[in-house]
There are 2 protein chains.
Amino acid sequence: MAEPRRRNRSATRQRLLEAARHRFAKEGYEAASVRDIAGDAGVDAALVFRYFGSKKGLFEEAAAARTPTTPLDGPPEELPARLLHSLLFEDWSAYAGEHPLVAMLRSSAHDEARDHLREELCGTYVRALERLSDAPDAALRAELFSAWMLGIGVLRSVVGTPAISAATPQDLAPHLAAVASALFDRPVLGTPPPPPEATDHPGSPG
Amino acid sequence: MAEPRRRNRSATRQRLLEAARHRFAKEGYEAASVRDIAGDAGVDAALVFRYFGSKKGLFEEAAAARTPTTPLDGPPEELPARLLHSLLFEDWSAYAGEHPLVAMLRSSAHDEARDHLREELCGTYVRALERLSDAPDAALRAELFSAWMLGIGVLRSVVGTPAISAATPQDLAPHLAAVASALFDRPVLGTPPPPPEATDHPGSPG
DNA sequence: CCCAAAAGTCATCGGTCGATGACTTTGTAC
DNA sequence: GTACAAAGTCATCGACCGATGACTTTTGGG
């Protein structure tokens, strides 16, 4: 009933946004052309301007798609492990294989991208992490840990340094615990959380 | 004798390289145009192709200019502080105000830039840092610390998060010592080294 | 069936890009 | 002082960019 429609405004919009996320993440804002993005989506480039007004508008809407913030929930002593695990080992194939924050660095000459990066980092990561410390410089500690996570993501998926690229969650866990405990001056777990992949039959009414 | 020459090939080459470092650092490889770079250097854009063959050749030669590696020398327990201090508080005005490694992330969609980043990070930073640990995963520890430094640089000069942007060397010192000591499993100093800015009249040898 | 609106395409504009080669200016050796 | 080579400029090319508006195709209601 709803399937024989081949012309579908919202579906085409979504395909354009998806293609834009890929291209912007892989090539950066300047190098990604509207024609290429529209080609990936299988439509004409003129539709980009009809739907998003300009290339900039397309970028903003593509970047505005929030990254899931589920790793924020859970016990505080697991939060650093949760965040790092999400950044490194979640499936970010929709963003050319990199976490959006890492991919966005390629467009960091673009003001919109910088603002988006800062808002996402400060509003989400730092805000959650700074609760781990009671020290007066809790915000600095939270930013320092965010910097570490972002740096690990960069070295892993952008620069491709050998040890971090090959590291498994188990390899990182002890160092994560040590660094986070030192930075927040309290015990922090390093084991990555496996909550989404629950067992098939928990046996209880969850 | 050698000064009344106003047309000077090597001097013009250097001016072009300097302008290129600025533009590539600030705008990224794609967004920086040969015409703008040549304009900054005060010459015609055609000289870029005469001297460097192509825009890519200009980028490679501009990026190949080594960043000074003096912070590598000194006692090992000071090495992390030395590196971080150099990355954050040295005068990088020749690279648009950012450490070359941080600025190069803007061009990270370019293969040459990625290779250069990896070589510089692994060949210089990781190689020096991994001597701080005797553990079998010393390389991973060194990469993790390099990731932290790079991330701090990114948050400070690219993203501009408030706490790290406002932090002084003294603010960072205790956290640097804590994190480095935890990561390398040995005491590491957090105080930044002030060797280059010696007092005006030391008055005593050594 | 017909038609209007929506969805998508096409041709094209002005501008800029990297790159090339002919041309002009400058310094210098004879 | 003149000729020659180096240093630098200028005009221009083809390609691609973002963007626009007229055009064509599809969809769905009467």
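Lettering of chains follows the sequences in order, A, B, ..., and the numbering in each one begins at 1. Only this structure's heavy atoms are used, side chains among them; waters, hydrogens and symmetry mates stay out.
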For A:His22, give me all partners under side chain to side chain donor-acceptor pair (under 3.5 Å), at least two apart in sequence or on another chain.
none
Starting at CD1 of B:Ile37 and ending at C1' of C:dG18, how long is that distance when rounded to a whole Å?
12 Å
Report the distance from atom NE2 of B:His110 to atom C1' of C:dG18, rounded to the nearest whole Å.
13 Å
Could you write nucleotides 8-17 of chain D as a row of B, S and -, 5' to 3', where a protein heavy atom under 4.0 Å of any base atom gives B, of only sugar-phosphate atoms gives S, and otherwise -?
BBB-B----B
Can you give the donor-acceptor pairs under 3.5 Å from side chains of residues 31-39 of chain A to other protein atoms, not counting sequence neighbours?
| from | atom 1 | to | atom 2 | distance (Å) |
| --- | --- | --- | --- | --- |
| A:Ser33 | OG | A:Asp36 | N | 3.0 |
| A:Ser33 | OG | A:Asp36 | OD2 | 3.3 |

Can you tell me which residue pairs pass the side-chain hydrogen bond (donor to acceptor under 3.5 Å, both in side chains) test with a partner in residues 144-162 of chain A, sequence neighbours excluded?
A:Thr161-B:Glu143
What salt bridge (Lys or Arg N to Asp or Glu O under 4.0 Å) pairs are there with at least one residue in residues 47-60 of chain B, not counting sequence neighbours?
B:Lys56-B:Glu112
Using the side chain to side chain donor-acceptor pair (under 3.5 Å) criterion, which residues pair with A:Arg13? Sequence neighbours excluded.
A:Glu61
